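Read the structure below first, then the notes.
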Amino acid sequence: MPKALILANSSTGLYDFRNELVQKLLQAGYEVTVSLPDDLRTKEFSEEGCKVIHTDINRRGVNPVQDMALFNAYKKMIREEKPSFVVTYTIKPNIYGGFACRVLRVPHFATITGLGSTFERGGIMLKLIIAMYKIALKKCRCLFFQNDVNRKIFENHGIRARKHVTVSGSGVNLDKHPCESYPGHADDITRFLYIGRFMKEKGTAEYLYAARKLHEKYGDKVSFTAIGYCDDDFEQLIKNAEKEGILKTLPYQKDIHPYIREADAIVHPSYHEGMSNVLMETAASGRPVIASDISGCREIVNKDVSGFLFEARNQEALYEALDRFMKVSPDKRKEMGLAGRKWVEDHFDRMKVVDDYIKELTLVV
């Protein structure tokens with residue numbers, strides 16, 4: 001029986017955005033082993049029939065001892081599992097899993113889910129990352145990109161696998177994210193919702209600025225909510241905003257649909273994305289989106305039809321986009337939401353993305 005080994009840095013990320021691929025492999029008769037650093041979704045994977053292996057990953061830090069331990073753990077795992085091929089997601093599984101696959105001559109398939117801040121900051125760290133990617137991905141059978149801008153950046157830096165394919169991000173499960181009825185708030189309050197981590201690169205500072213300024217203009221006729229985890233650097237700013245009454249926060253939610261259902265629009269002021277899952281899911285749910293005009297966001301927005309785009313890192317541009325939305329009639333907002341649903345149906349159906357992966361993976365078995 002053929003076996004697939006999947007290396008990921010988050011059980012929720014793998015389950016929420018890529019489980020359809022796992023299921024497709026299981027249905028096709030593959031044994032599937034998943035390597036994960038946490039147990040938030042291990043029960044679900046086990047119940048589906050996957051073998052789950054716990055593997056510690058320091059997702060954000062650069063610690064040579066820990067990273068070498070990860071490389072050795074992947075080598076040991078591959079030797080023991082003897083997979084037909086290995087699939088990796090995100091930077092550390094891509095690099096250290098890629099190293100292990102290259103050393104052991106196991107077919108490897110990787111996905112670039114985003115570039116992160118290193119490619120913007122430059123310097124020695126960027127040179128190191130490029131060198132590591134070049135080594136790790138040189139023998140990669142297929143390198144999947146979630147947008148053409150990231151693909152071009154990799155290719156311009158000389159990072160090349162045997163084959164490059166651009167897919168529509170992770171796609172969105174249109175059945176799990178049905179189109180929600182647009183809210184008809186009797187209180188006439190416009191409710192903006194942000195979903196994601198509270199950190200600099202996600203535009204948290206810009207979101208807080210716009211929230212404060214719109215509250216000054218519209219008073220209690222506008223509401224801002226944020227759902228997600230808070231980075232230490234923003235903890236006090238978030239607390240201050242809550243005390244001022246300009247923001248409500250909620251921790252990560254397994255089911256965000258009750259909150260999407262109540263929102264008039266979704267705000268996504270990110271600095272960089274691979275392909276925003278938040279935008280795909282909320283657009284599929286029939287909500288207008290207001291997002292940074294960057295690759296990984298703009299592809300999901302039918303500009304000025306299903307949502308508004310604004311210059312990233314520009315707090316005034318975000319404020320102006322939100323203020324513009326405040327002037328849109330309820331009927332027009334509903335039309336924007338329906339247009340967003342149609343857009344993702346046409347361009348971001350997850351099953352089409354899964355088929356793109358299966359087409360490449362099954363070539364090695």
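Model, not experiment: these values are computed from the prediction.
For A4 against F85, the heavy-atom pair with the smallest separation is CB-CE1, 3.5 Å. Of all the heavy atoms in V344 and M280, the pair that sits closest is CG1-O, 4.0 Å.
A cation-pi arrangement, defined by a distance under 6.0 Å to the six-membered ring centre and an angle within 45 degrees of its axis, is present between K176 and Y15.
Ring to ring, Y209 and Y319 are not that close: their centroids are 6.0 angstrom or more apart. Between Y194 and F224, a ring centre-to-centre spacing not shorter than 6.0 Å is recorded.
Residues N147 and E299 have side chains that never bring a donor and an acceptor to within less than 3.5 angstrom of each other. Checked by atom type, the side-chain pair E48/N19 shows a donor-acceptor distance below 3.5 Å. Donor-acceptor pairing under 3.5 Å is recorded for the side chains of N240 and Q236.
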Would you mind writing out the side-chain donor-acceptor pairs for residues 152-161 within the sub-3.5 Å range, not counting sequence neighbours?
residue	atom	partner	partner atom	Å
E155	OE2	R151	NE	3.2
E155	OE2	H164	ND1	2.8
N156	ND2	K152	O	3.3

Which pairs would a plain distance check flag for residues 91-106, meaning a side-chain donor or acceptor within less than 3.5 Å of a matching protein atom at least two apart in sequence or in another chain?
residue	atom	partner	partner atom	Å
K92	NZ	N58	O	2.6
K92	NZ	G61	O	2.6
K92	NZ	D67	OD1	3.0
N94	OD1	T88	OG1	2.6
N94	ND2	T90	O	3.1
N94	ND2	T111	O	2.8
Y96	OH	D67	OD2	3.2
R102	NH1	I135	O	2.8

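A salt bridge links E235 to K239: one of the charged nitrogens lies within less than 4.0 Å of a carboxylate oxygen. Remark: D323 does not engage K213 in a salt bridge, criterion side-chain N to carboxylate O under 4.0 Å.
Contacts classified as salt bridge (charged side-chain N to carboxylate O under 4.0 Å, His left out) and involving residues 333-342 (residues at least two apart or in different chains) are given here: D264-R333, K332-E335, R341-E345, K342-D346. Residue pairs meeting the salt bridge (charged side-chain N to carboxylate O under 4.0 Å, His left out) criterion with at least one member in residues 198-211, sequence neighbours excluded: R121-E201, K202-E273. Here salt bridge (charged side-chain N to carboxylate O under 4.0 Å, His left out) pairs that include residues 133-150, with residues two or more places apart or in two chains, number zero.
Summarising the local packing, NZ of K43 is surrounded by 12 or fewer heavy atoms from other residues, nucleotides or ligands at distances under 6.0 Å.
Note that the CG atom of N150 and the CG atom of L115 stand 3.5 Å from one another [nearest 0.5 Å].
Partners of H272 according to the ring-ring contact (aromatic ring centres under 6.0 Å, His included) rule, which considers only residues two or more places apart in sequence or in another chain, do not exist here.
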